Novice: 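Mind having a look at this structure? Questions to follow.
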Amino acid sequence: MIEIKDLHKSYQMGSNSLHVLKGINFSVKEGELVSIMGSSGSGKSTLLNILGMLDEADTGSYFLDGMPIKNLNEKIAAKYRNQFLGFIFQSFNLITYKNAIDNVALPLYYQGIKRKERIEKGMHYLSKVGLADWATHLPNELSGGQKQRVAIARALASEPKVLLADEPTGALDTKTSYEVMELIQGINDEGKTILIVTHEPDIADMTKRIVNLKDGVIIDDTIVKQVKAAAYV
Amino acid sequence: MFNIERWQEIFDAIGKNKLRTFLTGVSVASGIFILVLLLGVGQGMQNGIAKEFESDASNSIWVWTRTTSVEYKGLNPGREIIMTNQDYDFINRKNEKYLEYKSSRARDWGIVVSYKKESGSYGVEGIFPDFQMIENEEMISGRFINQNDIKERNKVVVIGNKVKKDLFKKDKDPIGELIRINDIPFMVVGVFHDKAGEREEDRVFVPSPIAQQIFSKGQGIDGLAYTLKPEKDFETAVRKSQEFVASMKGYLKEKHVISPEDKRAIGVNNSLKGAKRFYNLMFMIKTFFWWVGICTIIAGVVGVSNIMLIIVKERTKEIGIRKALGAQPGSIITMILQEAIFVTTIAGFTGLILGLTLLEFAGPMIQTNFIANPSVNFNVAITTVLILILAGALAGFFPAWRAVRIKPIVALRDE
């Protein structure tokens with residue numbers, strides 16, 4: 001599903017050049033649940049941004065589902081993001097003035113789907129994350145865990161090939177974190193490819209494969225035995 | 001523009017951000033409301049001042065005749081030229097479009113005027129009602145000669161303040177008293193005061209036909225007096241008065257067989273000096289209010305632009321979210337601008353209508369000499385609103401464009 005070869009990325013900080021990614025080789029097959037770990041400054045967020053087409057690599061190649069991702073202009077990147085990727089953020093990033101169902105249905109608006117169908121589809125995913133009863137509530141009426149579930153439903157709504165999660169449990173307490181992870185594991189069990197950036201070992205243990213990043217290179221990439229979050233809930 | 005889905009999305013945003021929409025609307029509407037009022041009051045002051053100083057604008061023209069100085073068509077020089085009522089009527093008809101006030105003058109000097117035992121010798125002038133405006137005579141009491149006096153050939157007289165002082169005792173009201181001019185009784189109907197002082201108050205006015213009768217002038221008249229209609233600027237006024245004088249002189253010279261080279265036979269005095277001052281004043285007032293108007297529009301543009309900037313700033317994070325979800329940059333910009341233009345248009349026209357309504361109702365109630373009939377040219381008002389909407393859209397476009405170009409990741413961090 002994801003093929004990355006010899007990926008380099010550096011940022012210009014004034015006169016200095018900061019080399020963040022120093023040749024990443026990395027591939028993800030369909031249906032995998034991968035966690036990317038590393039301390040801050042290890043380059044894990046940069047890697048995720050490149051995977052999410054929010055940023056572009058200097059050199060190296062990136063294939064998503066066999067399609068080369070390079071020389072993207074804003075329009076094409078937006079189109080690809082909309083069709084291929086679902087984002088889950090640490091701070092949820094729901095639109096504050098839209099209720100749960102409208103938030104979930106928003107990616108479908110950008111796919112050009114009519115309103116009635118958007119709402120139907122959105123409701124489907126909202127009930128999938130167990131929030132069908134909360135459809136008309138505004139984000140500030142929801143708890144942190146509920147907000148993240150709405151965000152997950154939104155990420156799923158556009159039926160992407162890959163879900164990218166940036167510290168999805170970073171703003172949640174342990175119990176809620178495990179509930180969210182249980183949901184993510186369930187989605188993965190249905191066959192969705194998911195990448196999670198995290199610095200919490202217990203969260204990483206709930207994935208099927210842990211990639212360790214340090215100073216812009218992968219130092220460790222191991223398949224692990226998945227811990228089911230349901231056991232803690 | 002006619003994408004129903006997008007309008008739904010916009011109305012959704014408007015409906016769910018009632019406070020933001022309301023505040024934007026109120027500031028735009030009040031801005032335009034104040035602008036309309038300012039423009040209206042500006043126009044009102046312009047009208048008021050114009051009215052106050054209008055008398056100075058009077059471009060008065062005085063015409064008299066003398067003997068010819070050039071031999072012409074076999075007629076000797078030194079021939080006396082006398083204008084007639086027919087000349088006066090003809091000139092009036094022919095030059096109607098130029099003329100504001102008009103009067104002929106049939107007069108004589110050193111006429112004995114007496115009241116009971118008092119008497120003196122004064123100038124007696126036969127005139128038409130307009131003469132009061134041409135000479136700017138101010139009535140101290142009573143009235144001036146009117147159209148009815150002319151028609152009915154009433155033997156009435158308006159006397160100068162000096163004449164009144166000479167003939168009447170100090171606190172005697174002369175109105176309604178009979179005085180004798182050339183031993184013919186006339187009833188006093190008014191007393192006038194002239195700004196030029198006693199020299200000009202040393203005369204009495206009677207209806208023109210009566211003067212011609214008592215001085216045995218027949219149809220003859222001694223002079224003509226006119227004021228021309230005010231023009232929008234001095235140059236036009238000069239041009240118009242030259243046109244009129246040329247037309248009138250041409251007619252008189254032809255009618256009375258006077259050589260075109262004769263510079264003496266017809267005298268014309270054209271007083272444009274006062275007019276020049278008036279037109280300068282009007283020009284300054286107009287310029288001033290143009291400035292006020294332009295500055296107000298600039299202030300409005302700055303205000304609306306500011307609101308747009310804040311709105312876009314507030315929506316930076318939303319823009320980031322929408323981009324991450326796959327919104328095209330263009331669609332975000334159009335969405336923001338369409339919403340902004342929609343709100344400012346509705347609010348703008350509301351403010352416009354409120355302002356115009358207030359001017360319409362409150363305008364006539366204003367009772368001061370320096371504001372008259374405050375009103376706003378509707379086209380100017382509409383243009384102003386459109387300028388503000390356009391400026392708002394433009395001011396919204398650049399920050400929206402910049403916000404859209406920010407990487408979604410950066411926008412998402414914006415709190």
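Values reported hereafter were calculated over all heavy atoms of this structure, with side chains retained and with hydrogens, waters and symmetry mates removed. The shown structure was predicted, so the numbers you read here are calculated from the model rather than taken from an experiment. Within every chain, numbering begins at 1; the chains are lettered A, B, ... in the order of the sequence lines, protein sequences first and strands thereafter.
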Novice: Once you round to the nearest 0.5 Å, how far does CD1 of B:I321 lie from CG of A:N103?
Specialist: 7.5 Å
Novice: Heavy-atom cut-off 4.5 Å, strictly under: side chain, backbone, both or neither for A:I113 against chain B?
Specialist: backbone
Novice: For atom CD of A:E30, is the number of surrounding heavy atoms from other residues, nucleotides or ligands below 6.0 Å larger than 12?
Specialist: no
Novice: Less than 4.5 Å apart, side chain to side chain, heavy atoms only: is that true for B:K317 and A:N93?
Specialist: yes
Novice: If you count the non-hydrogen atoms of other residues, nucleotides and ligands that lie under 6.0 Å from CD in B:E360, is the total more than 12?
Specialist: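 For B:E360, atom CD is not crowded (no more than 12 foreign heavy atoms under 6.0 Å).
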Novice: Show the nearest heavy-atom pair for residues A:Y110 and B:S331, with the distance to one decimal.
Specialist: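 Minimum heavy-atom separation between A:Y110 and B:S331: CE2-OG, 3.5 Å.
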Novice: Does B:F283 CZ have over 12 foreign heavy atoms under 6.0 Å away?
Specialist: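 Result for CZ/B:F283: open.
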Novice: For B:R20, is it the side chain, the backbone, both or neither that has a heavy atom under 4.5 Å from a heavy atom of chain A?
Specialist: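 Neither part, no heavy atoms under 4.5 Å.
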Novice: Would you indicate whether B:M284, at its atom CE, is surrounded by more than 12 heavy atoms from other residues, nucleotides or ligands within a distance under 6.0 Å?
Specialist: no
Novice: I need the A:I95 CD1 to B:R322 CZ distance, nearest 0.5 Å.
Specialist: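 Reported to 0.5 Å precision, the distance equals 4.5 Å.
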Novice: Non-hydrogen atoms of chain B under 4.5 Å away: do they reach the side chain of A:L94, the backbone, both or neither?
Specialist: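 Backbone only.
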Novice: With a 4.5 angstrom heavy-atom cut-off, is it the side chain or the backbone of A:D102 that approaches chain B, or both, or neither?
Specialist: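 Side chain only.
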Novice: Which heavy atom of B:L325 sits nearest to which heavy atom of A:P107, and what is that distance?
Specialist: CD2-CG, 4.1 Å
Novice: Report which part of A:F87 has an atom under 4.5 Å of a heavy atom belonging to chain B: side chain, backbone, both, or neither.
Specialist: side chain
Novice: Work out which heavy atom in B:A324 is nearest to a heavy atom in A:R81; give both atom names and the distance.
Specialist: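 Of all heavy-atom pairs spanning B:A324 and A:R81, the closest is O-CD, 3.8 Å.
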Novice: Working to the nearest 0.5 angstrom, can you tell me the gap between A:K114 NZ and B:Q8 CD?
Specialist: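 Those atoms lie 9.0 Å apart.
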Novice: Heavy-atom cut-off 4.5 Å, strictly under: side chain, backbone, both or neither for A:Y109 against chain B?
Specialist: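 Side chain only.
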Novice: Does atom CZ (B:F22) have a neighbourhood of more than 12 heavy atoms from anything else shown, all under 6.0 Å?
Specialist: no
Novice: Output the distance between atom CD1 (B:I332) and atom CD (A:E74), rounded to the nearest 0.5 Å.
Specialist: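 B:I332 CD1 to A:E74 CD: 9.0 Å, rounded to 0.5 Å.
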Novice: Would you indicate whether A:K22, at its atom NZ, is surrounded by more than 12 heavy atoms from other residues, nucleotides or ligands within a distance under 6.0 Å?
Specialist: yes
Novice: Do the charged groups of B:E9 and A:K98 touch, with an N to O distance under 4.0 Å?
Specialist: yes
Novice: Using a cut-off of under 4.5 Å on heavy-atom pairs, state which of B:A327, B:P329, B:G320 scores highest against chain A.
Specialist: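 When all of B:A327, B:P329, B:G320 are compared, B:A327 has the most.
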